[in-house]
Amino acid sequence: MTADALERVAAASQSVAGRSPEDVAKDEFYWREVQLAFKLDRSLINLNNGFTCPTPRVALEAVWRYMDMVNMLPVHYQAMIARNSETIRLRMAKEFGCGPDEIALTRGASEALQIAQNGIDLEPGDEVVTTDQDYPRMLTTWDQRMRRDGIKVTRFQFPVPTTQDDLYQRFEKAISPRTKVFHFTHITNLTAQLFPVQRLSRLARSKGIVTIVDGAHALGHFPFNLRDLECDAYGVSLHKWLLAPLGNGCLYVRKEMIPKFWPLQAAPEQQDNDIRKFESIGTHPWALRAGLGEALAFHQAIGAERKAARLRYLNLRWVDALKVHPRIKVLTDFSEPPQAWGVAAVTIEDMDVRSLARFLMDRYRIISVPLVGGAPPNSVFDYQALRISPNVYTTLEEIDTFIAGMEEALESGVPEVPASAVEELEACR
Ligand SMILES: Cc1ncc(COP(=O)(O)O)c(C=O)c1O
């Protein structure tokens with residue numbers, strides 16, 4: 001089964017080739033084939049795939065295989081895999097719509113984004129505009145530049161869900177003569193609010209402002225071309241929705257902008273215009289890149305549109321079942337045309353979200369994330385919600401168990417617990 005999982009998924013895709021992604025999204029025979037490609041612990045219901053995701057077995061086995069090989073003669077094989085990773089760069093660029101000379105392979109989104117955030121020249125008094133619901137580590141990075149370099153960071157709040165127009169206007173209003181950078185997520189890690197990346201990038205460019213976009217949750221989740229976004233830099237966690245082995249990410253930098261960003265670890269001057277300058281990080285496990293190659297092949301075997309449609313279908317199943325209850329509030333916009341897929345947030349009026357998460361875990365073995373706002377430099381928001389993120393291996397039965405758990409909570413209430421009772425759930429967002 002393991003060895004031929006990729007072929008079986010590709011064959012299943014071949015057999016549904018004439019049907020629409022929305023139709024295939026409902027085909028349990030098709031998704032069974034996908035589910036079998038993973039080695040999972042189904043004693044728990046994992047509805048927190050926004051943290052990181054299990055990688056398909058073919059990808060994990062590639063890592064083991066290459067680790068084994070490297071270990072035989074590192075001096076020979078490390079360099080060989082490093083050279084061969086150019087193939088992966090080419091394939092990534094082709095799949096995600098950019099030039100191979102515009103994509104650097106990193107260890108995750110934190111590294112990718114910090115290259116851009118710390119790598120752009122800013123003078124004291126220069127301003128960065130971002131939002132209060134950006135990712136804590138990225139906000140902390142700006143906070144550190146504020147303390148170190150004397151830049152100014154303007155953060156603004158927005159309601160959820162909100163419209164693309166609203167977000168555009170909030171950025172437009174926040175611009176000052178000293179604004180040099182816009183930093184925002186493609187979709188947030190909280191309610192999956194979608195941002196109008198292309199419009200904001202055009203606005204920024206018209207005023208000489210650089211755009212750094214946090215695409216940690218977006219690439220491999222729903223289809224788009226990187227170049228079409230028109231942003232300057234875009235950082236991704238490939239161990240999230242692309243299902244690559246842990247320790248894979250990438251940084252897209254628009255070709256003309258490559259010389260404008262310094263690498264996080266120094267590179268020679270001759271590499272100023274070379275995207276590879278961002279990859280000079282010393283010795284690290286190249287075998288992980290071999291796993292990335294397999295994860296990409298797996299993603300391609302399913303197909304980006306089919307995957308996005310299935311993720312949306314799984315979330316819509318519980319959204320539609322629960323939204324009839326007057327106390328249920330879905331904080332993610334599931335209207336048409338689609339703006340949300342695998343990540344969604346929901347709340348029950350007058351119910352503490354941490355207690356709800358504990359109840360779902362204790363009674364139904366469901367892993368979810370309770371979202372509660374913090375204080376700067378952390379994300380700040382004034383709502384509470386449960387984040388739910390299924391994945392391609394999630395079964396309808398698992399979604400239905402979540403619906404049953406939420407209905408029981410609505411009907412009978414849940415025991416109050418202290419914040420410390422869900423620390424392990426809350427941390428994984
Ligand atoms: C919005 C967002 N940005 C950045 C990151 C950091 O990604 P990584 O863990 O790959 O460094 C995450 C991780 O959860 C995230 O959700």
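This structure is a prediction, so every number in the text was calculated from the model and none was measured. Counting convention: from 1, in listed order, for ligands and their atoms alike.
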Participant: Does a donor on one side chain sit under 3.5 Å from an acceptor on the other, for Ser335 and Asp333?
Facilitator: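 Yes, a side-chain donor-acceptor pair sits under 3.5 Å.
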Participant: Between the side chains of Gln157 and Gln133, does any donor sit under 3.5 Å from an acceptor?
Facilitator: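 There is such a pair (donor and acceptor under 3.5 Å, judged by atom type) between the side chains of Gln157 and Gln133.
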Participant: Suppose we screen for salt bridge (charged side-chain N to carboxylate O under 4.0 Å, His left out). Which residues come up paired with Arg137, at least two apart in sequence or across chains?
Facilitator: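 Testing Arg137 for salt bridge (charged side-chain N to carboxylate O under 4.0 Å, His left out), a comparison that skips the adjacent residues, returns none.
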Participant: With Glu230, which residues qualify under salt bridge (charged side-chain N to carboxylate O under 4.0 Å, His left out), at least two apart?
Facilitator: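 Once residues adjacent in sequence are excluded, the partners of Glu230 under the salt bridge (charged side-chain N to carboxylate O under 4.0 Å, His left out) criterion are Arg202.
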Participant: Run through all N or O atoms in ligand 1 and write down each protein N or O closer than 3.5 Å, as a pair with its distance.
Facilitator:
| from | atom 1 | to | atom 2 | distance (Å) |
| --- | --- | --- | --- | --- |
| ligand 1 | 3 (N) | Asp214 | OD1 | 3.1 |
| ligand 1 | 3 (N) | Asp214 | OD2 | 2.6 |
| ligand 1 | 7 (O) | Ser237 | OG | 3.0 |
| ligand 1 | 10 (O) | Ala109 | N | 2.9 |
| ligand 1 | 10 (O) | Ser237 | OG | 2.5 |
| ligand 1 | 10 (O) | His239 | NE2 | 2.8 |
| ligand 1 | 11 (O) | Ala109 | N | 3.4 |
| ligand 1 | 11 (O) | Ser110 | N | 2.8 |
| ligand 1 | 11 (O) | Ser110 | OG | 2.5 |
| ligand 1 | 14 (O) | Tyr135 | OH | 3.3 |
| ligand 1 | 14 (O) | Lys240 | NZ | 2.5 |
| ligand 1 | 16 (O) | His217 | NE2 | 3.2 |

Participant: Using a cut-off of 6.0 Å, state whether more than 12 heavy atoms not belonging to Arg42 lie near its atom CZ.
Facilitator: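 Yes, because the 6.0 Å sphere around CZ of Arg42 holds more than 12 heavy atoms from other groups.
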Participant: Once side-chain contact (heavy atoms from CB on, under 4.5 Å) is applied, do any residues pair with Arg107, and if so which ones, sequence neighbours excluded?
Facilitator: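 Arg107 satisfies side-chain contact (heavy atoms from CB on, under 4.5 Å) with Glu111, Gln265, Ile281 only.
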